[in-house]
Amino acid sequence: NRSGPLNEPASLHINAYNENGYIRWSESGSGNQGALGFEAGTNRDLVYRAGGSDLSTGGEEVFRIRHNEDGKNWKFGIGTIAPAEKFHVATNLLVSTSANNPILYVSTTTGQVGISTGTTTHALQVNGGIFAVSSITVAQGGSFFGSGAGLTQLNAGALPANITVS
């Protein structure tokens, strides 16, 4: 036990029963703070559960690292108990330098992606310029919006007064 910022005793518990091996920490005034450890079973997943009293009770699972018995085929999951890829995020994702400066936002609710914006109204929304080394294609029936000046390097002032098409 130790005294915390509010002089509340805190405890660290080490549990190894029923093949689950984990540590759990708690504070007398706040209850369970979290549990981290290996879940019993073939995969022996490493699980962190915030506010949990053990690896499956209370609070919410924050992450899971799943691997096979030899530990070579690992997969890291956030928001999922069954990660399907090396890094699997099954919840909204924000990469930023601060809350007011988003770099990449992915909504698992809407399926929309924002670059330099956290507010999306389209499948892909970019707040800033786009540079394409190859091409950008609009499917038949799709629409192009804007002046096109950046695509053609022409602007309305550079066009002749009359254009003859023959």
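The basis for the numbers below is simple: all heavy atoms, side chains too, and nothing from hydrogens, waters or symmetry mates.
Considering all non-hydrogen atoms of both residues, N101 and S96 come closest at O-CB, 3.3 Å. The two residues I81 and R64 have their closest heavy-atom pair at O-CD, 3.3 Å. Contact record, G118 with P102: N-CG, 3.6 Å, taken as the closest heavy-atom pair. Residues A90 and T108 approach most closely at C-CG2, 4.3 Å, considering heavy atoms. Of all the heavy atoms in H13 and S11, the pair that sits closest is NE2-CB, 3.5 Å. Smallest separation of non-hydrogen atoms from A35 and Y22: CB-CD1, 4.2 Å.
For the pair V126/L124, a side-chain contact is recorded, criterion being any heavy-atom separation below 4.5 Å from C-beta on. Using a 4.5 Å cut-off on side-chain heavy atoms (C-beta onward), T97 and I103 make contact. The side-chain heavy atoms of R66 and W74, taken from C-beta on, include no pair separated by under 4.5 Å.
Put simply, Y105 and V113 are part of two different groups of oily side chains (I, L, V, M, F, W, Y) that touch within less than 4.5 Å, one to the next. Connection of I23 to F63 is established within a shared hydrophobic cluster, with ILVMFWY side chains joined at heavy-atom distances below 4.5 Å, either directly or through further cluster members. Follow the hydrophobic side-chain contacts under 4.5 Å out from I130 and you reach V106 in the same cluster.
Not a single donor-acceptor pair under 3.5 Å links the side chain of R24 to the backbone N or O of G52. T120 places no side-chain N or O within 3.5 Å of a backbone atom of H122 that could act as its donor or acceptor partner.
The CG atom of L104 lies 6.5 Å from the CD1 atom of I115; values are rounded to the nearest 0.5 Å. Remark: Q112 CD to Q125 CD distance equals 8.0 Å, nearest 0.5 Å.
At a cut-off of 3.5 Å, with distance as the only test, a side-chain donor of D54 or T57 sits close to an acceptor on the other residue.
Partner Y48 forms a side chain to side chain contact (heavy atoms under 4.5 Å, CB included) with one of L55, L36, I65 and no other, that one being L36.
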